[in-house]
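None of these values were measured; they are calculated from a predicted model.
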Amino acid sequence: MHQVRRALVLPGGGYVASSWEIGLIAGLADAGLDIRDADTFIGTSAGARVALDLTSGRPLHELYERRLAHAPPSGEAAKLDWSRIRAGVDEAKAAGGSSAEILKRYGSLALSVAVGETAGRRERVAAQLPMRAWPEQTVLIPVVDGETGERRVLDRHIGVDLVDAVIATTASFGATPPLIDGHRYIDGGYYSSDNADLAMGCERVLILALRSPPHAMRLVPIESAVEALRAAGAHVEVVHPDDETLAALAATGGQMNPASGPAAAIAGRAQGRRVASEGLAAFWR
């Protein structure tokens, strides 16, 4: 029997995105649809942590409960000069050129605004992950070479330590870009918040994504990947926070407020139950 190849795309978006994704997946499971049987997981930035959670073998209810209790660290973001960062991003884009040329400028900016401490960082990230070695299931973690601007995709066959891969894909502005194979790497979300094009070759692709803010720093919008995947013959479904979820988050400061994480998990679970009954189960199976 022919087996349909399925990809689950888990974009970035900080604590809110990862909490909403876990909540949504838990809600789908409540409705009888467990999407952890995907063949390929594509996790960008915070989505990489979700991908590892889902392939860890830990019960979904445990992952969900952790999101309810999870509070983001405070203090580091307050030290960042966001006006300088946004101006630097605008200048990098305005200078034009290829995506690699623009992202190379992002890399220079990232080094110039880095304030995150590096001492003990690797140990802290390792302690937060559900495993220390790459899972057997295919997990793709995109990163950006801050020195060349090229996107690089890390997986268990590349030879890069899993902890280093997560540090790299979550190295947003403010964090010190980690050194891997002699190069400094920055957040994979600067190329694309979803990197869904990496699912090329899969027959069904499910993307769980927050809607990008008006002045998003990523270069490639989700619509580009969806169009390319569909042109290649893939069946693609994109799930964004619905009106009920957005209303729940608005009361806590919106989807860009890290404090909205627990509310995002709760709202995501309710949304997962709704979308499962709206036909997503038939698409996935």
Side-chain angles (χ1 to χ4, degrees), residues 7 9-14 17 40-48 51 82 84-114 139-155 158 160 164-202 205 207-232 234 236 238 240 256:
V9 180
L10 302 158
T40 299
F41 296 79
I42 300 167
T44 300
S45 197
W82 280 107
R84 177 188 172 191
I85 292 173
R86 291 191 180 96
V89 167
D90 290 343
E91 291 171 4
K93 291 180 178 180
S98 66
S99 61
E101 290 170 326
I102 295 171
L103 290 169
K104 183 176 179 179
R105 299 180 197 118
Y106 274 30
S108 296
L109 177 63
L111 283 171
S112 71
V113 299
V139 175
L140 306 181
I141 298 180
V143 297
V144 172
D145 187 324
E147 297 174 32
T148 68
E150 297 289 341
R151 180 178 66 169
R152 183 181 180 189
V153 183
L154 307 179
D155 64 17
I158 294 295
V160 173
D164 292 331
V166 172
I167 292 174
T169 198
T170 56
S172 56
F173 290 122
T176 300
L179 189 66
I180 299 176
D181 297 337
H183 287 248
R184 294 286 178 183
Y185 284 88
I186 59 175
D187 197 320
Y190 291 135
Y191 175 84
S192 164
S193 61
D194 55 274
N195 288 280
D197 63 297
L198 298 179
M200 196 66 70
C202 291
V205 182
I207 306 171
L208 313 181
L210 297 183
R211 294 192 182 276
S212 295
H215 300 292
M217 296 179 182
R218 56 95 180 101
L219 297 186
V220 180
I222 190 172
E223 292 80 9
S224 296
V226 171
E227 181 179 356
L229 287 166
R230 286 176 175 161
V236 183
V238 182
H240 294 297
M256 301 311 295

Inset, instruction - Only counting residues at least two apart or in another chain, list the ones meeting side chain to side chain donor-acceptor pair (under 3.5 Å) with D155. - result: none
Inset, instruction - Can you measure from CG (D164) to CG (L154) and round to the nearest 0.5 angstrom? - result: 9.5 Å
Legend entry - Counterpart residues, side chain to side chain donor-acceptor pair (under 3.5 Å), relative to R86 (two or more places apart): none
Inset, instruction - Measure across I207 and P11 and return the closest heavy-atom pair with its distance rounded to 0.1 Å. - result: CG2-CG, 4.2 Å
Inset, instruction - For S192, check side chain to side chain donor-acceptor pair (under 3.5 Å) against everything at least two apart and list the hits. - result: D194
Legend entry - Any donor-acceptor pair under 3.5 Å from T169 side chain to A165 backbone: no
Inset, instruction - Indicate yes or no for a side-chain donor-acceptor contact from R105 to the backbone of E91 under 3.5 Å, with no hydrogens or angles considered. - result: no
Inset, instruction - Might you point out which heavy atoms bring G97 and I102 nearest each other, and give the distance in Å? - result: O-CD1, 4.0 Å
Inset, instruction - Compare every heavy atom of A51 with every heavy atom of G43, then report the nearest pair and how far apart it is. - result: CA-CB, 4.4 Å
Legend entry - Gap separating the CD1 atom of I141 from the CD1 atom of I158, nearest 0.5 angstrom: 11.5 Å
Legend entry - Under the salt bridge (Lys or Arg N to Asp or Glu O under 4.0 Å) test, residues paired with D197 that sit two or more places apart: R151
Inset, instruction - With rounding to the nearest 0.5 Å, note down the distance linking CG in N195 to CG in L140. - result: 9.5 Å
Inset, instruction - Please examine the side chains of E150 and V144, heavy atoms only from C-beta on, and report whether any two atoms are closer than 4.5 Å. - result: no
Contacts table for residues 211-226: side-chain donor-acceptor under 3.5 angstrom, sequence neighbours left out:
none

Inset, instruction - Look up atom OG1 in T148 and atom NZ in K104, then write down how far apart they are to the nearest 0.5 Å. - result: 8.0 Å
Inset, instruction - Locate the shortest heavy-atom distance separating A209 from H240; write the atom from each residue and the value. - result: O-ND1, 2.8 Å
Legend entry - For Y191 against S99, the heavy-atom pair lying closest together: CE1-OG, 4.0 Å
Legend entry - Distance-minimising heavy-atom pair for T40 and C202: OG1-SG, 4.2 Å
Legend entry - Selection residues 178-188 - residue pairs positive for side chain to side chain donor-acceptor pair (under 3.5 Å), sequence neighbours left out: S45-D187, D145-H183, R152-D181, R152-Y185
